[in-house]
Amino acid sequence: MATVWKRASEQGKAGTKWKVTFRDADGKSKTRTAYHDRRESERLAAELEDAALKRREGRIDLAGEKLAVAAKRSLVDHLSEYKAFLTDKGSSTGHVKETIAAIEKPITSLGWVCLGDLNAPALMRALSDEQTKLRLSARTINARIVAFKGFSRWLAQFGRLSADPFAPLKKLRESDDRRRVRRVLTSEELAKLVSKTAKAPMLFGLSGKDRAMLYRLLAETGLRRSEAESLKPGSFRLGGKECPAVVVDAAYSKRKREDVQPIPAPLATELRRWLASKPAGERLWPLPDKAAISVLAPDLERAGLKYEIEEKRGEVKVLSVLDFHSFRHSYCSVLSASNLPIKVLTDLARHSDPRLTLRTYGHPRLADQRAAVDAAFGPKQKAKETVSQSAKKTGTDAADAIPNAPKRAAPAQRKAC
C-alpha cells in the first residue's frame, strides 16, 4: 500500500508538501513529493499504485505512455538527441552541422515548440515562401526537406511519434532549377593542369609534384577528396602479382566499409617512385580548409582554366564549377564513354544504384551522342570513322582521357588482372 507522510519536523508547518511512498512495477520502493493538500496527495498515491499494478500485470500501453512522455518534451530536446544520434552513427561533423541547421531554421520561423506542432503542409508553405523571397534553388530546399524527413523518421522509429508526419513530402525537381553545376575536365585540360602544377611552387606544405600526383590519383581512381586526404603510403598496394590498388579505410569511405580501388599501371609506376621518399605513417595530402579555393583554384588558373564560370540561363545565373569532385565526375564520365558493362561501371564508381552513376556522373557530350547516332543510322564504315574521330577530339576514349593512361585491356586480360 502507498503511504502519505511528512517528517515530524514538518508537521503543522505551513507551506510544506506531503510525500508519497509506493512500489513501482519492479517492486522497488519510490518516493515522490506530492501536494500541500493531504487529500490530493492521497489521490496521487492511489494513481501511482494503480499504474504500477497495471504495469506488473501487463494491462498498460507502454508505447502510448512513451508517446505521451515524448509529447511533453520540447522540440529542442528531441533535436539535441537526434544530433547525438547522428554523431554516434558516424556521420561527419560537417554533415551533422548542416542537417541540424536545416531543421532549426524552419522550426524557429514557424514557432514550433513540441512534437504536436510538426505539420507537413505548414513546412512546405514556409519553404516555398523562403524560396521565393530569397530566390533559393530547388537543391537548397530539397536539402531541408531531406533533413526534416530524416528527423521525423527517427522520431517515429524510436517511438516518439506514432507516425511519420513528413513521410508524404516529395523533393522538388532540381533539373530545371540548377544554380551551380559541376564541369568535367577534358583529357587536354587534365594533362595541362597536371603538367603546370608539377612545376608550381609549394602551397600549404604541398609541393607542386605532390599536388599534381593528387590530381592524377583523383582523376584515375574516382576517389573523393576526403578519401584521398586520409591516405598514407601504406594505403597503396603496388607490388606483387595483384593489380595495383589503393585502399580506403572504412572510417573514411562514404559506404562505411573498406574500399579497394584499382589504379592504372602507368600511374602505379609513378606512384612507386613518388612514394619512395614519403615517410611511412603520415598523411600524403593534408589539405587545408576550403582547399578548392586556396589550393585547386590557383593551380587551375596557372593552367589557364577557371574555377568558376558564370552563365545566365533565362533569368537565373548559373555557376559552372571545376572543384575537387569534378575529378570524380571526369572519372565516371570516361568510364561511361568506354562502353563498360553497367555492373562494372557501377562497381568502379562505388555506387549501389546504377541510376545514380548514369544520371549524375554520366555527362554525355554532344559529340559522343552524334557519333552514336551516326553509328546506328549512317553507313557502317563512315560511322566507325566518326566514332574514332569524335573520341580523339573529345577525349572520350578511356586511354586518351587520362594522361599516360593504359590502353583498355581485352575482357580476358582484365579478368586475368
Side-chain angles (χ1 to χ4, degrees), residues 184-198 208-225 227-248 253 258-278 284-285 299 303 324-351 357 361-363 368 391-392 394-417:
V184 172
L185 285 156
T186 66
S187 58
E188 293 82 5
E189 290 173 335
L190 179 59
K192 189 181 294 186
L193 173 63
V194 169
S195 62
K196 293 290 185 181
T197 302
K209 182 65 176 176
D210 293 340
R211 303 197 304 278
M213 194 61 68
L214 170 62
Y215 301 152
R216 282 202 62 187
L217 182 74
L218 294 174
E220 298 184 44
T221 62
L223 292 187
R224 300 171 178 87
R225 170 194 153 176
E227 294 170 337
E229 282 188 273
S230 72
L231 299 179
K232 301 175 182 178
S235 302
F236 293 88
R237 299 177 183 173
L238 303 176
K241 297 180 180 180
E242 295 183 356
C243 287
V246 58
V247 181
V248 179
S253 168
E258 183 180 86
D259 282 328
V260 180
Q261 196 72 354
I263 298 175
L267 176 58
T269 300
E270 292 195 32
L271 278 169
R272 288 189 195 98
R273 291 196 293 264
W274 179 73
L275 289 170
S277 62
K278 299 300 179 183
L284 295 167
W285 295 288
D299 286 337
F324 277 103
H325 211 60
S326 292
F327 293 103
R328 178 167 170 79
H329 278 249
S330 300
Y331 173 78
C332 293
S333 180
V334 170
L335 293 177
S336 179
S338 300
N339 296 321
L340 294 174
I342 187 61
K343 178 66 169 64
V344 176
L345 175 60
T346 305
D347 287 346
L348 286 172
R350 292 177 293 143
H351 290 148
T357 310
Y361 292 89
H363 294 285
D368 299 332
K392 289 180 180 179
T394 61
T396 55
D397 184 78
D400 295 331
I402 306 296
N404 300 318
K407 299 293 183 182
R408 288 196 296 277
Q413 290 174 311
R414 288 199 297 269
K415 186 176 181 181
C417 178

> What's the separation between atom CG in Leu284 and atom CZ in Phe236, rounded to the nearest 0.5 Å?
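With rounding to 0.5 Å, CG (Leu284) is 6.0 Å from CZ (Phe236).
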> A side-chain contact here means heavy atoms from C-beta on lying under 4.5 Å apart; do Val247 and Arg237 qualify?
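Touching, per the 4.5 Å side-chain cut-off.
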> Thinking salt bridges, do Glu188 and Lys192 make one under a 4.0 Å N-O criterion?
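The answer is no: the pair does not qualify as a salt bridge.
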> Does atom NZ (Lys278) have a neighbourhood of more than 12 heavy atoms from anything else shown, all under 6.0 Å?
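Above 12, so yes.
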> Using a strict 4.0 Å threshold on nitrogen-to-oxygen distance, state whether Glu227 and Arg350 make a salt bridge.
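Salt bridge present between Glu227 and Arg350.
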> Please report the shortest heavy-atom distance between Ala219 and Leu190, naming the atom on each side.
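It is CB-CD2, 3.5 Å.
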> Has Trp285 got a side-chain atom pairing as donor or acceptor with Leu231's backbone, closer than 3.5 angstrom?
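No; zero donor-acceptor contacts below 3.5 Å.
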> Which pair of non-hydrogen atoms, one from Ala212 and one from Thr197, has the smallest distance, and what is that distance?
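Heavy atoms only, the tightest pair is N-CG2, 3.7 Å.
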> May I ask you to test the Leu218-Ser326 pair for a side-chain heavy-atom distance under 4.5 Å?
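No, too far: nothing below the 4.5 Å cut-off.
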> To the nearest 0.5 angstrom, please state how far the CG atom of Leu223 sits from the CD1 atom of Ile263.
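Answer for the CG-CD1 pair, Leu223 versus Ile263, is 8.0 Å.
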> Might you point out which heavy atoms bring Leu238 and Pro244 nearest each other, and give the distance in Å?
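Taking every non-hydrogen atom into account, CD2-CB, 4.1 Å.
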> So does Val334 get a backbone contact from the side chain of Ser338, meaning a donor-acceptor N/O pair under 3.5 Å?
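Such a contact is found between Ser338 side chain and Val334 backbone.
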> Nearest 0.5 Å, please: how far is CG in Leu193 from CG in Asp299?
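Output value for this atom pair is 6.5 Å.
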> Sub-3.5 Å donor-acceptor pair from the side chain of Arg224 to the main-chain atoms of Arg328, do we have one?
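A pair under 3.5 Å: no.
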> Can you list everything that forms a side-chain contact (heavy atoms from CB on, under 4.5 Å) with Ser230? Sequence neighbours excluded, please.
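Residues passing side-chain contact (heavy atoms from CB on, under 4.5 Å) with Ser230: Tyr252.
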> Going from OG on Ser330 to CG on Leu335, what distance comes out if it is rounded to the nearest 0.5 angstrom?
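These two atoms lie 11.0 Å from each other.
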> Below 30° counts as parallel, above 60° as perpendicular, anything between as tilted: where do the rings of Phe327 and Phe324 land?
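Tilted: the ring planes of Phe327 and Phe324 meet at 30° to 60°.
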